[in-house]
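Computed from a prediction, not measured in an experiment: that's the story for all the values here.
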Amino acid sequence: MLEEVERWLDRRSWSVADRPLERILAAKRNTKVSVVLPALNEEATVGDIVAVIRRELMSGAVPLVDELVVIDSGSTDRTAEVAAAAGARVVARDAILPRIPAVPGKGEVLWRSLMVTTGDIVCFVDADLREFSADFVSGIVGPLLTDPDVDFVKAMYDRPFGDTPGQGGRVTELVARPLLNLHWPQLAGFVQPLGGEYAARRSLLERLPFPVGYGVELGLLVDALHTVGLDALAQVDVGVRRHRHQDGLALGRMAAAIYRTAQLRLSRGHLVRPRLTQFERGEKGFEPRTYAVDTEERPPMAEIVEYARRHVA
């Protein structure tokens, strides 16, 4: 590990216990905090997450979160209804920036969320978490409120796979971590580089391009490094993350998108075939299934006319 990374781990790697809520609230002052949950068919979990945030971080005694928004990206279940009943403001993905047709993908939803939130700090939380703790929000928002030199904070945690501890994050270990260590060794200290829970200053997020699909977490992390430098990045241990796991084929598609995101940043203009063929057993044996790999990216939100007009107004 680079000496620079070892020093960074000492300076910018914390536990949620390092910043009690009282200290975070004292530092908040007039800073506005928005929490965004991107959601697609998450009726089983989204309501509990919203309820915990509202109860523990949006009360008169603990007014940490000012805005809680669920962006529904076309759910066919009761995700929107459950989230609204729990107290979130629910916005349909396709209603945001209708001039630009929406494409499928988590990164697309996160990018559009900047248009319908107003917080100086924006905190992203996946909507499929189980046994959710408010520490996932307060832990990663805290350094942004107490440390003015920090611009981007990722959560780190244990990721059990079923009842087996430490076996989650398969794409992280097989794809993302090797890529980062080989090509961006300054980021080798991040425990969960692909984790969906992170917070950043709006002033940074609006300057970054957003890969529309699975590559968004790696893309934002790499681009944040190049934009503000390693010392402006941090991570906080928030405990244990339990969530719905993807099957192996879905992980393959995720891995391909992440590799593609890395490849674009390594060599702009050098194109690879943006397709992934996988095999599933059918009536006639193994049958090929070919999928497109997410290659589109959204430009920095600061370049979008509607966003610029809103800030001028």
Side-chain angles (χ1 to χ4, degrees), residues 32-40 42 46 67-75 79-80 83 88-128 140 144 151-155 176 193-228 233 253-254 257-258 260-262 264-265 268 274 292-311:
K32 189 170 183 179
V33 176
S34 299
V35 175
V36 172
L37 275 67
L40 175 63
E42 302 294 357
V46 68
E67 185 176 46
L68 176 55
V69 182
V70 171
I71 310 293
D72 182 25
S73 55
S75 296
T79 290
R89 175 162 65 95
V90 179
V91 182
R93 177 200 61 195
D94 294 357
I96 307 169
L97 284 173
R99 174 179 65 85
I100 303 174
V103 297
K106 178 184 178 182
E108 177 83 354
V109 176
L110 300 184
W111 181 73
R112 289 175 186 264
S113 76
L114 297 181
M115 191 70 202
V116 293
T117 54
T118 57
D120 307 293
I121 293 170
V122 182
C123 174
F124 299 122
V125 176
D126 281 351
D128 66 342
I140 57 178
L144 295 166
D151 290 327
F152 187 100
V153 184
K154 295 217 66 156
L194 299 185
E197 290 68 47
Y198 47 101
R201 301 190 192 280
R202 176 178 295 272
S203 57
L204 172 61
L205 290 173
E206 67 186 9
R207 295 156 58 196
L208 301 180
F210 277 62
V212 299
Y214 287 127
V216 64
E217 272 81 28
L218 184 134
L220 290 177
L221 188 59
V222 169
D223 292 341
L225 172 69
H226 291 305
T227 303
V228 294
L233 313 182
R253 296 190 290 275
M254 184 183 300
I258 289 165
R260 172 62 172 172
T261 299
L264 283 173
R265 280 151 179 77
R268 297 283 180 179
V293 174
D294 296 319
T295 59
E296 188 170 356
E297 296 195 3
R298 293 304 189 186
M301 185 58 79
E303 298 178 6
I304 300 299
V305 173
E306 292 91 334
Y307 186 81
R309 287 174 179 165
R310 190 191 76 179
H311 280 263

>> The criterion is side chain to side chain donor-acceptor pair (under 3.5 Å); which residues satisfy it with S75, sequence neighbours excluded?
In response: D72
>> Please determine whether a side-chain nitrogen of the Lys or Arg among D223 and R265 lies less than 4.0 Å from a carboxylate oxygen of the Asp or Glu.
In response: yes
> Are V91 and V70 close enough, and set up right, to give a side chain to side chain contact (heavy atoms under 4.5 Å, CB included), and what steps lead you there?
Replying inline: CA-CA 6 Å; V91 182; V70 171; over 6 Å; no
> Are the side chain of R310 and the backbone of E306 linked by a donor-acceptor contact shorter than 3.5 Å?
Replying inline: no
> Between CH2 of W111 and CG of L97, what distance do you get to the nearest 0.5 Å?
Replying inline: 5.5 Å
>> So, taking the atom named NZ in K32 and the one named CD in E67, what distance separates them when rounded to the nearest 0.5 Å?
In response: 5.0 Å
> According to the salt bridge (charged side-chain N to carboxylate O under 4.0 Å, His left out) rule, which pairs have a member within residues 194-206, sequence neighbours left out?
Replying inline: D151-R201, E197-R241
> Can you find a heavy atom in the side chain of D120 that is under 4.5 Å from one in the side chain of V33?
Replying inline: no
>> Assess the residue pair V216 and E297 against the criterion (side chain to side chain contact (heavy atoms under 4.5 Å, CB included)); give the C-alpha distance rounded to whole Å, side-chain angles, the decisive distance to 0.1 Å, and a yes or no.
In response: CA-CA 9 Å; V216 64; E297 296 195 3; over 6 Å; no
> Between V69 and S34, is a side chain to side chain contact (heavy atoms under 4.5 Å, CB included) present by the stated rule, with each step listed?
Replying inline: CA-CA 8 Å; V69 182; S34 299; over 6 Å; no
>> With rounding to the nearest 0.5 angstrom, report the CG to CG distance, L110 to L220.
In response: 7.5 Å
> Are any non-hydrogen side-chain atoms of Y198 and V125 less than 4.5 angstrom apart?
Replying inline: no
> Does a side-chain heavy-atom distance below 4.5 Å link V116 with I71?
Replying inline: yes
> Just how far is it from atom OG of S113 to atom CD1 of I96, taken to the nearest 0.5 Å?
Replying inline: 7.0 Å
> Is the backbone N or O of L40 less than 3.5 Å from a side-chain atom of T79, with the two atoms forming a donor-acceptor pair by type?
Replying inline: no
> Going by heavy atoms in the side chains, are P300 and P209 under 4.5 Å from each other?
Replying inline: yes
> Are the side chain of T261 and the backbone of G219 linked by a donor-acceptor contact shorter than 3.5 Å?
Replying inline: no
> Which heavy atom of A200 sits nearest a heavy atom of F152, and at what distance?
Replying inline: CB-CD1, 3.7 Å
> When rounded to the nearest 0.5 angstrom, what is the spacing between OH in Y307 and CE in M301?
Replying inline: 7.0 Å
> Is any side-chain heavy atom of F124 closer than 4.5 Å to a side-chain heavy atom of V35?
Replying inline: no
> Are T227 and L208 side-chain neighbours, meaning at least one heavy-atom pair lies under 4.5 Å?
Replying inline: yes
> When you measure from the side chain of K154 to the backbone N and O of P193, does any donor-acceptor pair fall under 3.5 Å?
Replying inline: yes
> Roughly how far, to the nearest 0.5 Å, is the OG1 atom of T117 from the CG atom of L68?
Replying inline: 11.5 Å
> Which residue pairs pass the side chain to side chain donor-acceptor pair (under 3.5 Å) test when at least one of the two sits in residues 100-110, sequence neighbours left out?
Replying inline: K106-D126, K106-E217, E108-R112, E108-R298
> What pair of heavy atoms forms the shortest contact from R207 to S203, and how long is it?
Replying inline: CD-O, 2.8 Å
